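Here is the structure we will look at.
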Amino acid sequence: MWSLCWTYSLNLSSVPGDGEGQSRWCLSQVKGAIDDDVAEADIISAVEFSHSGELLATGDRGGRIVIFQQEQESKNLPQGRAEYNVYSTFQSHEPEFDYLKSLEIEEKINKIRWLPQKNAAHFLLSTNDKTVKLWKISERDKRPEGYNLKEEDGRYRHPSSLTTLRVPVFQPMDLMVEASPRRVYANAHTYHINSISVNSDNETYLSADDLRINLWHLDFTDRSFNIVDIKPANMEELTEVITASEFHPLQCNTFVYGSSKGSVRLCDMRASALCDQHSKLFEEPEDPSTRSFFSEIISSISDVKFSHSGRYMMTRDYLTLKIWDLHMESRPVETYQVHGYLRSKLCSLYENDCIFDKFECCWRGDDSEVMTGSYNNFFRMFDRDAQRDVTLEASWENGSPGCSLKTWRVCAGSRRKRSEIGVDCLDFSRKILYTSWHPQDSIVALATVNNLYIFQEKPN
Amino acid sequence: MLGKGLKRKLEQEEENDVMSCPQDASPTCYWLQRQTVLNLSLLKLHSRPGHSDPGLARRVLITNTLRHIQDELRGEGGPIPQPFPSTGAPLGVVDGCRERPADCGVEVQSEGSLTPVSRLEEDRHLLLCLSPSISRQQPPSSSVIKDSFTSALAEIEDLCPTVGITTLFTTEMGRSLTSDPNSRQTHPDLSEMNSGLDSVSSLSDSALSVFGHTPSLLTDFSLDDFLFTEIDSLLFDNVPCGSSLSASSGASKVVSMVTDDLVKTLTGYGNGGTSQSALPSNQTFKLDLNELDHIMEVLVGS
């Protein structure tokens with residue numbers, strides 16, 4: 001039984017191994033404490049695969065980053081289950097206090113972005129509301145032994161006892177993974193940073209807050225260039241803010257930013273130093289029949305992601321996922337309803353603040369599928385080619401590793417089947433905001449409140 | 001999780017009706033929901049999570065929702081009844097040029113200058129300012145917000161017709177810091193620090209200079225005159241130092257500080273010079289005066 005989507009086709013035979021109610025996906029691992037009592041600091045706030053997919057980074061509200069590494073041996077196992085184990089844990093950001101404004105600056109990690117790997121070490125950018133940091137994660141599995149002047153325990157030898165000289169040699173030691181902050185980029189943001197994006201030139205990156213976007217060089221921490229500034233002269237006239245921003249994956253001069261009014265602007269840095277004038281404006285005219293008090297809030301772009309090919313761009317707003325062709329600004333080429341049944345609940349969702357939740361979205365490595373999270377620990381996958389979508393649940397109770405996930409359907413009234421759930425029974429405190437897709441393999445990682453779930457597609 | 005105090009099914013049907021075809025829905029349902037959204041929006045704007053800075057995006061979205069409703073209310077006709085009579089020039093007008101009126105004097109032209117004061121004031125859920133008049137030129141959002149607040153907080157309305165209430169949003173907008181628009185290379189730490197420090201010191205300087213003028217204002221007027229007439233007319237019609245105030249850069253904020261201090265000291269003068277005596281009516285007024293007093297003390301360091 002497939003969930004409702006905007007175009008509807010049943011094509012079960014095209015995907016072998018699919019039965020009714022069962023999906024191709026199965027639970028691989030769950031990370032984090034299985035507790036009802038969740039500490040605020042343990043709530044996951046960022047999930048990101050590295051460019052090779054070998055490493056998976058998560059950030060939490062306590063400012064910590066935990067990196068998982070895929071076990072190389074398990075990739076070759078018959079069932080091909082990918083095992084991710086803890087590789088490194090470190091404190092990325094600490095809470096700070098802005099004395100001028102008498103405000104706390106939260107240490108919560110807002111975004112993590114990996115740099116493409118150039119040598120044995122791994123680099124990632126992590127940011128909280130105010131400060132971006134570049135971290136180097138390196139391995140040490142050898143250490144020099146046989147010093148002339150020092151004993152093995154570090155004590156210095158008496159010079160008179162030295163009669164011969166030897167060359168120290170590297171001896172193997174237990175693997176130690178070190179994370180060190182290589183750069184701390186000076187606070188250049190008055191408002192909260194919502195996005196960072198590494199450029200394809202591998203030298204620069206952008207950071208975006210509510211009103212400004214800054215361009216940095218990775219090597220220089222004391223200066224950045226402002227490339228977008230939408231702050232009005234009179235703050236009373238402010239009606240629109242920047243909500244998400246990303247560099248084009250292939251063209252180093254192109255980036256996009258989404259706004260709270262549902263529009264996305266594409267800018268070309270070659271046009272001028274300050275990109276306040278957009279090159280393209282992607283905006284879909286509003287459907288007057290669905291106009292409500294909350295039309296603007298639900299149109300606010302919560303995430304924008306380029307496809308790997310660089311030809312398409314995906315935007316997430318509160319209720320839908322839209323895929324845009326960069327050559328066509330007037331309307332998206334594909335629109336997917338994530339949880340349209342919430343349209344009648346917007347007033348309640350406004351009251352409990354859920355309407356402001358910022359859901360992320362991600363592309364499959366070959367751009368054939370997209371994924372995003374929803375409430376009740378549901379996540380949705382949309383197959384663009386087959387025009388089919390599925391609703392799955394991230395739950396460690398239902399589903400043991402290796403066994404297919406059951407698909408769900410949300411119905412407006414009371415449920416009639418076991419695979420259904422009524423919209424009034426949804427748990428809005430359990431939401432999946434952060435998702436990431438392995439760049440090559442059929443592995444997805446997503447975060448519920450404090451658990452990291454890793455799902456894998458069953459091999460054919 | 002769902003609407004408090006409203007029956008789930010009924011609300012769902014109403015929302016369905018409203019969402020699907022607003023024009024066909026019964027006017028009562030639509031009005032009810034609009035009022036709900038209006039109240040929710042006001043609640044959200046004025047309740048703060050506490051220690052950390054709430055997001056700008058959220059506030060902008062809520063404010064836009066509010067504005068949309070207010071535009072509708074305006075469009076539907078009937079002027080929204082103003083609780084406060086608006087007289088000639090509002091407090092902020094100096095030198096004939098139009099400053100933004102009456103945001104408790106917290107809104108200033110040089111941004112970032114009143115950060116400490118606004119920070120202190122934002123701890124209150126209500127921003128009470130002693131701006132005497134609410135002119136029609138004020139941003140539309142203020143008037144409806146005042147309506148809701150006056151209906152909800154009748155005792156403050158009774159207190160003093162010259163007391164104005166402003167939105168948290170506008171003051172927060174005002175206090176945000178800008179970087180120099182001419183330089184695209186940002187040196188934010190340094191510039192923000194400097195502007196903050198400079199403006200705090202300039203505020204205390206100008207506030208101090210103003211205090212010296214206040215006694216001369218009060219001798220000619222009784223307590224009742226202050227409470228029930230427009231303070232701005234008193235200031236600009238009768239005060240010789242009004243023009244000198246206009247010369248200072250942070251004029252609007254300085255003048256409002258004057259009114260703060262005026263109302264504070266008038267209790268003392270009206271009761272024979274004892275600054276601690278309470279007004280014969282209204283404990284709430286005294287409570288807020290104490291809060292403002294505290295703010296002034298912190299600012300001036302007295």
Side-chain angles (χ1 to χ4, degrees), chain A residues 98 100-106 129 186-192 194 209-212 214 222-227 229 231 234-236 238-243 260-261 273-274 289-297 300 343-348 350-356 424 427-429, chain B residues 1-4 6 8 11-12 15-16 18-22 33-34 36-37 40-41 44 50-53 55-58 60-65 67-69 100 107 111-112 115-116 119-120 139 169-170 172-179 181 183-189 192-193 196-197:
Chain A
D98 180 343
L100 201 59
K101 298 184 189 175
S102 292
L103 286 175
E104 277 185 23
I105 300 173
E106 285 184 6
D129 284 338
N187 178 14
H189 287 279
T190 310
Y191 305 98
H192 293 177
N194 52 56
D209 67 23
D210 294 313
L211 296 179
R212 296 192 181 95
N214 292 331
D222 58 350
R223 68 197 91 138
S224 70
F225 290 91
N226 179 248
I227 51 177
D229 188 339
K231 185 170 195 273
N234 181 2
M235 279 297 273
E236 266 215 339
L238 178 68
T239 56
E240 194 171 7
V241 296
I242 298 170
T243 53
S260 57
K261 287 200 170 172
L274 186 60
S289 68
T290 58
R291 178 116 188 90
S292 74
F293 298 115
F294 311 105
S295 292
E296 183 178 320
I297 300 181
S300 175
R343 200 175 278 276
S344 58
K345 302 277 175 215
L346 292 178
C347 196
S348 310
Y350 183 60
E351 185 185 351
N352 62 17
D353 269 359
C354 283
I355 207 173
F356 299 106
D424 290 330
D427 186 348
F428 290 92
S429 65
Chain B
M1 184 180 316
L2 295 179
K4 296 188 181 77
L6 290 171
R8 230 186 255 176
E11 183 191 355
Q12 186 179 349
E15 282 174 17
N16 278 331
V18 172
M19 292 307 163
S20 52
C21 38
Q33 187 181 53
R34 185 170 62 192
T36 309
V37 176
L40 281 174
S41 305
K44 283 178 191 306
H51 46 85
S52 62
D53 201 7
L56 181 63
R58 189 184 125 100
V60 166
L61 286 172
I62 297 171
T63 308
N64 288 351
T65 308
R67 265 195 205 129
H68 168 68
I69 294 177
R100 283 196 33 254
E107 183 61 53
E111 296 190 23
T115 302
R119 273 294 138 222
L120 289 166
F169 172 71
T170 51
E172 285 171 2
M173 291 301 105
R175 68 160 169 79
S176 60
L177 299 168
T178 47
S179 53
S183 69
R184 283 298 160 189
Q185 281 201 345
T186 56
H187 298 282
D189 278 346
E192 286 172 9
M193 280 267 288
L197 290 171

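Please read these numbers as outputs of a predicted model, since none were measured by experiment. In the text below, chain A, chain B and the rest are named by the order of the sequence lines, each starting its count at 1. Note that these values count all heavy atoms, side chains included, but never hydrogens, waters or copies made by symmetry.
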Next on the checklist: Shorter than 4.5 Å, heavy atoms on both sides: which option in N64(B), I62(B), T65(B), I69(B) has the most such pairs with chain A?
Outcome noted: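 Top option by heavy-atom pairs under 4.5 Å: N64(B).
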Compare every heavy atom of [Y] with every heavy atom of [X], then report the nearest pair and how far apart it is.
| X | Y | result |
| --- | --- | --- |
| Y350(A) | S41(B) | OH-OG, 2.8 Å |
| D210(A) | Y191(A) | OD2-CB, 3.7 Å |
| E240(A) | V60(B) | N-CG1, 4.0 Å |
| L274(A) | D229(A) | CD1-N, 4.4 Å |

For [X], which atoms come within 4.5 Å of any heavy atom of chain B: side chain, backbone, both, or neither?
| X | value |
| --- | --- |
| F356(A) | side chain |
| D353(A) | both |
| I242(A) | neither |
| S300(A) | side chain |

Checklist entry - Are the side chains of S295(A) and T290(A) in touch, meaning some heavy atoms are under 4.5 Å apart? => result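 Not in contact.
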